[in-house]
Amino acid sequence: MNFSEVLDKHSIFNVVAQCSKELGVDAYVIGGYVRDLILKRPSKDIDIVSVGSGIELAEGVAKKLGVHVNVFKNFGTAQCKVGELEIEFVGARRESYRTESRKPIVEDGTLHDDQNRRDFTINAMGISLNAENYGDLIDPFNGIGDLRKKLIRTPLDAEITFSDDPLRMMRAVRFASQLNFDIEPDTFDGLVKMAERIDIISKERINDELNKIILSAVPSYGFKLLHQATILKRIFPEFVELQGAEYQDGKGHKDNFYHTLQVLDNISKNTDDLWLRWAAIMHDIAKPATKRFDKKVGWTFHGHEDLGARITPRIFRQMKLPMNENMRFVQKLVRLHLRPIALSKETITDSALRRLLFDAGADLEALMTLCRADITSKNPEKVKKHLANFDKVEQKLYDLEARDQIRNFQPVITGEVIMEAFGLKPSAEVGIIKTAVREAILDGLIPNVYEPAFAFMLEEGKKMGLTAVNP
């Protein structure tokens with residue numbers, strides 16, 4: 001199989017070929033770019049392997065193209081950017097590993113050595129940039145066959161491959177999830193046998209792969225593979241604790257592990273937002289801790305939304321996920337995720353709608369997306385009915401917002417106004433009055449207009465024994 005016609009469409013490959021010839025070294029395109037080229041997937045990352053100095057080749061290419069080159073001497077690599085393309089150059093090498101580390105001992109090697117060290121057959125294919133066989137596919141492990149069969153397979157023994165670099169186990173699942181491929185049986189057995197080796201990988205590296213799985217089209221597939229390989233319980237034990245359905249007195253509850261995966265798949269059809277998908281993952285995370293059996297109603301999970309919001313920072317911290325506005329966004333949606341669904345089951349008051357608008361603020365649309373995804377049932381008519389009720393709630397929310405503009409509103413009566421009116425310093429009384437004004441506005445007792453709100457404030461102060469000094 002020859003790809004010279006495809007290579008000729010991109011001048012960069014001809015430049016690399018010229019430079020490698022001038023330096024007297026062989027050069028090859030290898031890895032993900034070749035895989036994606038065959039799969040007809042867009043790719044902006046190109047890996048070039050030189051049987052010689054990758055840095056010298058990079059410097060020569062950068063000079064011809066008039067672009068800057070970043071050199072990483074400690075790693076023997078160099079990078080340059082040409083338009084939207086990111087090109088990395090490395091010398092062919094072979095690697096050996098110690099049991100206690102995923103950092104290899106690196107030595108210069110041949111193209112064959114370099115292909116041997118690759119994680120999967122579909123990433124070990126190369127295309128020659130050398131004059132004698134320009135464009136030829138070099139595929140020692142039949143990666144092209146595995147692409148056709150939609151298989152993830154290691155080039156060498158899977159146990160050795162995963163033991164050497166346990167992050168490859170996460171990558172195996174990630175590629176299977178992204179490409180909708182199967183993992184070849186012996187390779188999957190290697191995942192199971194080497195699962196405990198994932199413990200030596202940093203949380204940050206694991207998260208990078210986990211987030212790519214979460215962002216795949218059907219992320220539940222990747223989660224199920226991680227679970228079956230016993231890796232998920234090592235990297236995210238709280239999620240595995242959701243699994244199982246218990247029965248008592250003939251009453252059972254849904255398996256919250258598979259329910260959560262369904263919610264994740266549902267939401268993934270409507271958003272590529274990583275943290276909204278994380279909210280789907282976390283929304284029922286506290287159900288195991290709040291599960292109780294009531295003889296009248298069966299299994300209950302009262303307060304799981306509040307407890308889930310409280311433990312979200314702990315889980316994010318231990319998983320080394322960002323402790324910033326992204327965590328707070330997930331936490332907020334976990335806390336609020338029952339509110340819109342509860343409204344769809346009862347007579348809706350403007351007061352309840354105002355409070356939801358106020359509490360959700362700018363994240364209302366994200367909350368609604370999560371709540372729609374959370375409507376799951378094996379009975380399609382039941383789902384249809386709940387979604388129809390939810391449509392009504394959503395319309396009332398938007399109608400009320402258009403009328404009252406409650407979302408992200410700030411009460412006209414501030415703490416400063418209260419202190420000046422009653423001659424107070426910062427104190428509990430100020431907070432109590434401010435809260436009372438806000439609640440009255442949300443309940444619709446007064447509009448969020450200064451004069452009626454100020455009059456209400458004076459009355460509240462009077463009830464507390466305060467006298468206005470600046471009425």
Side-chain angles (χ1 to χ4, degrees), residues 203-204 206-220 222-223 235-239 242 256 259-287 289-290 301 303-344 352-376 390 393-394 397-398 400-401 405-410 438 442:
K203 303 284 190 186
E204 291 84 355
I206 290 171
N207 289 339
D208 186 48
E209 296 298 330
L210 183 60
N211 285 339
K212 290 174 182 176
I213 292 168
I214 292 169
L215 286 171
S216 58
V218 186
S220 66
F223 272 82
I235 64 173
F236 195 178
E238 294 86 354
F239 194 83
L242 290 167
N256 289 301
H259 163 71
T260 298
L261 291 181
Q262 183 62 61
V263 175
L264 177 58
D265 284 349
N266 287 349
I267 209 167
S268 298
K269 296 171 186 174
N270 297 303
T271 180
D272 290 327
D273 186 307
L274 173 64
W275 303 109
L276 186 45
R277 293 188 182 200
W278 261 106
I281 291 167
M282 294 290 294
H283 81 287
D284 279 347
I285 202 70
K287 276 194 169 179
T290 56
F301 304 92
H304 76 272
E305 70 282 12
D306 291 324
L307 181 58
R310 290 202 302 274
I311 67 175
T312 293
R314 172 177 64 77
I315 291 174
F316 267 52
R317 190 176 294 110
Q318 72 189 27
M319 292 184 72
K320 299 292 179 69
L321 289 162
M323 300 296 293
N324 57 14
E325 68 277 2
N326 295 321
M327 184 280 292
R328 291 188 289 275
F329 169 78
V330 173
Q331 184 181 37
K332 179 179 181 180
L333 264 58
V334 171
R335 180 180 293 114
L336 296 177
H337 80 273
L338 291 184
R339 294 266 294 277
I341 294 173
L343 288 176
S344 71
L353 292 170
R354 283 193 197 93
R355 290 177 186 282
L356 179 57
L357 280 166
F358 178 73
D359 291 339
D363 299 317
L364 179 66
E365 282 77 14
L367 176 63
M368 292 305 195
T369 301
L370 173 60
C371 292
R372 285 185 176 279
D374 196 20
I375 298 171
T376 65
F390 202 76
V393 173
E394 198 164 32
L397 279 167
Y398 292 134
L400 187 68
E401 165 63 10
Q405 297 184 337
I406 284 292
R407 196 194 320 198
N408 293 326
F409 93 105
Q410 293 298 321
R438 185 193 71 200
L442 291 175

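- The side chain to side chain contact (heavy atoms under 4.5 Å, CB included) test with T312 singles out one residue from K332, M282, R317, R328, and that residue is M282.
- Side chain of R335 to backbone of A309: no donor-acceptor contact under 3.5 angstrom is found.
- When all heavy atoms of A360 and L367 are compared, the pair lying nearest together is CB-CD2, 4.1 Å.
- Residues Q262 and S220 are not in side-chain contact: their nearest non-hydrogen atoms beyond the backbone lie 4.5 Å or more apart.
- Looking at V330 and V334, their side chains come closer than 4.5 Å, going by heavy atoms from C-beta outward.
- The shortest distance between side-chain heavy atoms of L321 and M327 does not fall below 4.5 Å.
- Remark: Q331 CD to I315 CD1 distance equals 11.0 Å, nearest 0.5 Å.
- A heavy-atom distance below 4.5 Å is not found between the side chains of I311 and E238.
- Annotation: F239 is in aromatic contact with F223 [ring centroid separation under 6.0 Å].
- Interatomic distance, CD1 of I281 versus CD1 of I214, reported as 3.5 Å (0.5 Å rounding).
- Once rounded to the nearest 0.5 Å, the distance linking CZ of F329 with CG of N324 reads 12.0 Å.
- The closest donor-acceptor contact from the side chain of D284 to the backbone of T260 lies at 3.5 Å or more, if one exists at all.
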| task | Any chance you could lay out the salt bridge (charged side-chain N to carboxylate O under 4.0 Å, His left out) test for D265 and K269, step after step, and finish with the verdict? | result | CA-CA 7 Å; D265 284 349; K269 296 171 186 174; over 6 Å; no

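- A salt bridge does not link D306 with R310: none of the charged nitrogens is closer than 4.0 Å to a carboxylate oxygen.
- For the atom pair N270 CG and M368 CE, the distance stands at 14.0 Å (nearest 0.5 Å).
- Although no hydrogens or angles enter the test, the distance criterion places a donor-acceptor pair under 3.5 Å between the side chain of R277 and the main chain of S268.
- Below 30°, between 30° and 60°, or above 60°: for H337 and H283 the angle between ring planes is above 60°, a perpendicular geometry.
- Here D272 contributes atom CG and I267 contributes atom CD1; the two are 11.5 Å apart, rounded to the nearest 0.5 Å.
- Of all the heavy atoms in R372 and E394, the pair that sits closest is NH2-OE1, 2.6 Å.
- Between the side chain of E305 and the main chain of L336, no donor-acceptor pair closer than 3.5 Å is present.
- The closest donor-acceptor contact from the side chain of N326 to the backbone of W275 lies at 3.5 Å or more, if one exists at all.
- In this structure, L442 CG and L356 CG are separated by 11.0 Å, a value rounded to the nearest 0.5 Å.
- Between A280 and V263, the shortest heavy-atom distance links the atoms CB-CG1, 4.0 Å.
- Judged purely by atom type and a 3.5 angstrom limit, D374 has no side-chain atom pairing as donor or acceptor with the backbone of L370.
- Nearest heavy atoms, L264 versus P219: CG-CG, 3.6 Å.
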